[in-house]
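Reviewing the structure listed below.
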Amino acid sequence: MRTPRVAAIHDMSGFGRCSLTVAIPVLSAMGLQCCPLPTAFLSTHTGGFEGFSFLDMTDEMPRVAEHWKTLYLGFQCIYSGFLGSERQIQIVSDFIRDFREEDTVVVVDPVMGDHGTVYQTYTPAMCEGMVHLAEQADVIVPNLTEAALLLGVPYGELPTGENGCREIVERLSLDGRRSVVLTGASAAPELTGAMCFDAKTGRTKSVQVRRIPREFYGTGDVFASVLAGALVKGETLPDASRQAVEFVRACAERTAEQNLPIREGVDFEPLLGLLMGGRV
Ligand code: PXL
């Protein structure tokens with residue numbers, strides 16, 4: 001069988017381990033071919049760093065898509081994340097329309113903010129556009145901040161606890177048509193994990209592990225990349241969510257043990273072997 005392909009539409013941040021510098025190694029380790037379509041090139045991610053450089057790739061993106069069309073490239077997954085401009089909403093939307101096939105899983109990580117705050121480079125129009133882009137997804141992977149933005153409710157007014165998270169994913173499911181994996185969904189103070197709504201079965205499932213009492217940048221990207229990879233490999237949504245929760249937990253544990261600066265992301269590279277199935 002041909003190695004499945006993933007079109008990964010994210011920024012490339014040179015330092016700080018997020019977006020493409022996470023998606024490429026994670027998907028490769030899972031035995032998948034990652035084809036990056038960069039939205040921007042930054043010196044670092046925008047969280048915890050000041051004075052970062054930002055090269056907007058908006059004009060380049062349709063040229064890449066046009067060339068890929070002439071090559072008749074097919075993708076088993078289209079996976080989008082951090083966008084660099086408002087115009088990119090339509091560009092990514094067109095990309096999904098043009099490249100989606102019967103067996104393509106469309107994963108939109110509606111990257112917009114964290115801890116109740118919208119990221120520095122995101123405008124209200126981009127957040128509004130993200131709601132529409134996310135409507136095209138088979139699966140969305142919001143954190144609680146992004147769930148509030150998608151639902152149009154203040155962050156502080158989201159329902160809480162395990163039942164609250166269940167309500168959030170059901171409300172985000174577009175009447176059961178779209179799968180939702182909510183990250184940072186905590187069933188109890190000492191636990192954390194994800195709550196999923198599976199549009200294929202209509203069921204919700206909570207996946208919980210023991211919480212590491214520190215927060216790191218880029219964990220959402222590690223989570224969504226493992227989830228997307230596992231879905232391409234044919235795992236069910238709850239199984240893919242469990243794999244993503246457990247891998248992020250292992251990364252957070254290792255990073256916390258070494259007391260590394262949180263803005264450098266999680267020290268995932270030595271753990272990539274956990275995602276590799278076979279042997280040479
Ligand atoms: O991890 C999400 C993310 C992706 N890309 C860039 C970011 C962030 C979060 O801060 O700044 C550039």
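In this chain, residues are counted from 1 in sequence order. Note that ligands are numbered from 1 as they come in the structure, with each ligand's atoms numbered from 1 the same way. Below, all heavy atoms of this structure are taken into account, side chains as well, without hydrogens, waters or symmetry copies.
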The closest protein heavy-atom partner of atom 5 (N) of ligand 1 is Asp11 OD1, 2.8 Å

Looking only at protein heavy atoms, what sits closest to atom 9 (C) of ligand 1 is Tyr119 CZ, 3.4 Å

Item checked: Parallel, tilted or perpendicular: ring planes of Tyr119 versus Phe82, cut at 30 and 60 degrees -> tilted

Is a salt bridge present between Asp198 and Arg203, judged by a nitrogen-to-oxygen distance below 4.0 Å? no

Near Ser13 (heavy-atom distance under 4.0 Å), the atoms of ligand 1 are 12 (C)

For Leu42, the ligand 1 atoms with a heavy-atom partner under 4.0 Å come out as 12 (C)

Near Ser19 (heavy-atom distance under 4.0 Å), the atoms of ligand 1 are 4 (C), 5 (N)

Quick note on ligand 1: atoms under 4.0 Å from a heavy atom of Thr46 include exactly 7 (C), 10 (O), 11 (O)

Going by the 4.0 angstrom heavy-atom rule, the piece of Tyr217 near ligand 1 is neither

Q. Out of curiosity, does Val106 fall in the hydrophobic cluster containing Ile9 (side-chain heavy atoms, cut-off under 4.5 Å, transitive links)?
A. yes

**Item:** Aromatic ring pairing Phe95/Phe99, orientation class (parallel under 30°, perpendicular over 60°, tilted between)
**Value:** parallel

Can you check whether Thr117's main-chain N or O pairs, donor with acceptor, with His115's side chain at less than 3.5 Å? no

Atom 1 (O) of ligand 1: closest protein heavy atom, distance to 0.1 Å, is Asp221 OD2, 2.7 Å

Next on the checklist: I'd like to know if Glu246 and Arg249 make a salt bridge, using a cut-off of under 4.0 Å between side-chain N and carboxylate O.
Outcome noted: no

Heavy-atom proximity to atom 3 (C) of ligand 1, picking from Phe54, Phe82, Phe49, Phe52, points to Phe82

Taking the six-membered ring for Trp, are Trp68 and Phe75 parallel (under 30°), tilted (30 to 60°) or perpendicular (over 60°)? tilted

